[in-house]
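Here the structure comes first, spelled out in structure tokens, and everything after it is commentary.
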2 protein chains.
Amino acid sequence: MNNTRETLQKKIIFDCLKNNKVHPTAEDVYNIVHKDYPNISKATVYRVLSKLSENGQIRKLDFDTSSRFDDEIAPHYHFVCKRCNKIIDVFLNEERLTQLDEFKQTFNDFSIDDTEIVFKGLCKDCQKKEN
Amino acid sequence: MNNTRETLQKKIIFDCLKNNKVHPTAEDVYNIVHKDYPNISKATVYRVLSKLSENGQIRKLDFDTSSRFDDEIAPHYHFVCKRCNKIIDVFLNEERLTQLDEFKQTFNDFSIDDTEIVFKGLCKDCQKKEN
DNA sequence: ATATTATTAGTAATCATTATTAATAAGTAA
DNA sequence: TTACTTATTAATAATGATTACTAATAATAT
């Protein structure tokens, strides 16, 4: 006997993330699913997103006033534009990943499970507008 | 003519950060300064900390449910213990800083001003307790 | 010293998130 | 299929962090 249940709400919310790869907030997800499923509760969205990230099925990103959610669970990092707040995924190549791993092993005071890297600056479009 | 004023409150709050290098939240700072200056307002603490970080005099850290503030403005990164929530400063040596700079220059889609890195795992003490 | 106005204290308002609770429905067993 | 157990949900209240508001205060230019 399994103590979790497969519900329509969980499927809807998970699918929403799969179809909206823009790092939406819980509020964003609620607004999207609300269009097609107007009686889904906001608390359900928060709870399901929270549970999914606990289970490692999605990632919770905490570099903003409200948390954002990412269906991409492969190791990657983020760039945030200071002007338009756009978020761009940053993947490291093999060489960089190796460097990062080596670096993490140089610490004796702690063991590292997760690494979050956020780059901030101006995206291409906003650089143009700045001139 | 300067449109900002040097107030006792600003000095008290800035000094508080200098004397409490534990990455306190705004609430923490309020509680500390409140002991010696009971009529300082919580809104003032929030406003002054926000202004100081805008001016680059302190750093605002956003890896928690509430923002934390750091008087150390030299480039450095952070480790957060998942168990006891302790925060440890992580400084990169010259070699690593150079690697990071090189990496940042490989992007054509954006320019990078700031880089925030948060490592998460277990600190030495909590690793022991885990066994 | 006076005038101007940036800043503050105190508090209300807002925003994001979590807790509560009665109703619902997923999974199990009869 | 039907009944049963209880995880999950909808709706909403409560909480916690932060910001907005406003009259009073005090830093600085004149």
Side-chain angles (χ1 to χ4, degrees), chain A residues 1-17 20 22-55 57-70 80 85 87 118, chain B residues 1-17 20 22-55 57-70 80 85 87 118:
Chain A
M1 162 172 151
N2 188 353
N3 60 342
T4 81
R5 294 177 184 178
E6 208 55 43
T7 66
L8 183 59
Q9 288 87 340
K10 287 179 187 172
K11 184 175 171 0
I12 290 166
I13 291 164
F14 191 59
D15 285 352
C16 174
L17 269 193
N20 294 277
V22 293
H23 314 84
T25 63
E27 189 81 19
D28 293 336
V29 171
Y30 171 74
N31 288 329
I32 294 167
V33 301
H34 183 78
K35 287 178 194 161
D36 290 333
Y37 307 91
N39 53 354
I40 214 162
S41 168
K42 192 176 285 188
T44 298
V45 173
Y46 273 92
R47 187 169 20 73
V48 170
L49 287 173
S50 175
K51 199 62 72 64
L52 285 171
S53 63
E54 271 175 38
N55 298 349
Q57 298 176 262
I58 62 174
R59 261 182 72 186
K60 184 166 178 256
L61 307 174
D62 284 320
F63 45 71
D64 212 338
T65 45
S66 45
S67 294
R68 295 178 170 279
F69 297 89
D70 194 343
V80 181
N85 297 312
I87 299 166
V118 182
Chain B
M1 162 173 149
N2 188 352
N3 59 343
T4 82
R5 293 175 184 180
E6 208 56 43
T7 66
L8 183 59
Q9 288 89 339
K10 287 179 187 172
K11 184 176 170 2
I12 290 166
I13 291 164
F14 191 59
D15 285 352
C16 175
L17 270 193
N20 294 278
V22 292
H23 314 84
T25 63
E27 190 80 18
D28 293 336
V29 171
Y30 172 75
N31 288 330
I32 294 168
V33 302
H34 183 77
K35 287 178 195 159
D36 290 333
Y37 306 91
N39 53 355
I40 213 162
S41 168
K42 192 177 285 188
T44 299
V45 173
Y46 274 92
R47 188 168 20 73
V48 169
L49 288 173
S50 174
K51 200 62 73 66
L52 285 171
S53 63
E54 272 175 38
N55 298 350
Q57 297 176 264
I58 63 175
R59 263 183 71 185
K60 185 168 177 251
L61 308 174
D62 285 318
F63 45 72
D64 210 339
T65 45
S66 45
S67 293
R68 296 179 170 278
F69 296 89
D70 193 341
V80 180
N85 297 313
I87 299 165
V118 182

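So that the names make sense, note that chain A is the first sequence line, chain B the second, and so on, each numbered from 1. Because the structure is predicted, anything quoted here is derived from the model rather than measured. Below, all heavy atoms of this structure are taken into account, side chains as well, without hydrogens, waters or symmetry copies.
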Tell me the closest heavy-atom pair linking B:V45 and B:A26, and the distance in Å. CG1-O, 3.5 Å

What pair of heavy atoms forms the shortest contact from A:I58 to A:L49, and how long is it? CD1-O, 3.6 Å

Could you tell me the separation between the CG atom of A:D64 and the C1' atom of C:dC15, rounded to a whole number of Å? 13 Å

Look up atom CG in A:D70 and atom OG in A:S53, then write down how far apart they are to the nearest 0.5 Å. 11.5 Å

Can you check the A:I13 CD1 to D:dA10 C1' distance for me, whole Å? 12 Å

Measuring from atom CD1 of A:I13 to atom CD1 of A:I32, what distance do you get when rounded to the nearest 0.5 angstrom? 11.5 Å

Sugar-phosphate only, base, or nothing, as touched by B:S67 at under 4.0 Å among non-hydrogen atoms: sugar-phosphate

Answer with yes or no whether the side chains of A:R47 and A:T44 bring together a donor and an acceptor at under 3.5 Å. yes

Nucleotide D:dT25, atom P - distance to OH of B:Y37 in whole Å: 21 Å

Protein-nucleotide distance (B:K60, atom NZ; D:dA17, atom P), rounded to Å: 14 Å

A:E54 CD to C:dT17 P, straight-line distance once rounded to whole Å: 15 Å

Taking only nitrogen or oxygen atoms into account, show me every contact under 3.5 Å that the protein makes with nucleotides 7-10 of chain C, one pair per line with its distance.
from	atom 1	to	atom 2	distance (Å)
C:dT7	OP1	B:R5	N	2.9
C:dT7	OP1	B:K10	NZ	3.1
C:dT8	OP1	B:T7	OG1	2.7
C:dT8	OP2	B:R47	NH1	2.3
C:dT8	O3'	B:Q9	NE2	2.7
C:dA9	OP1	B:Q9	NE2	3.3
C:dA9	OP1	B:N39	O	3.1
C:dA9	OP2	B:S41	N	3.0
C:dA9	OP2	B:T44	OG1	2.4
C:dG10	N7	B:S41	OG	3.1

Give a yes/no on whether any side-chain N or O of A:Y46 is located under 4.0 angstrom from OP1 or OP2 of C:dT18. no

Nearest heavy-atom contact between A:Y30 and A:I40 is CE1-O, 3.4 Å

Nucleotide C:dA25, atom P - distance to NZ of A:K11 in whole Å: 18 Å

Using five base pairs at each end, measure the axis-to-axis angle across the helix from C:dA1-D:dT30 to C:dA30-D:dT1 and round it to 10 degrees. 30°

Assess whether side chain to side chain contact (heavy atoms under 4.5 Å, CB included) is satisfied between B:F69 and B:K60, documenting all intermediate values. CA-CA 5 Å; B:F69 296 89; B:K60 185 168 177 251; 3.8 Å; yes

Interatomic distance, CZ@B:R59 vs CG@B:L52, rounded to 0.5 Å, equals 15.0 Å

Between OG on residue A:S41 and NE2 on residue A:H34, distance to nearest 0.5 Å: 11.0 Å

Take atom CZ of A:R68 and atom P of C:dT17, then tell me their distance rounded to the nearest Å. 10 Å

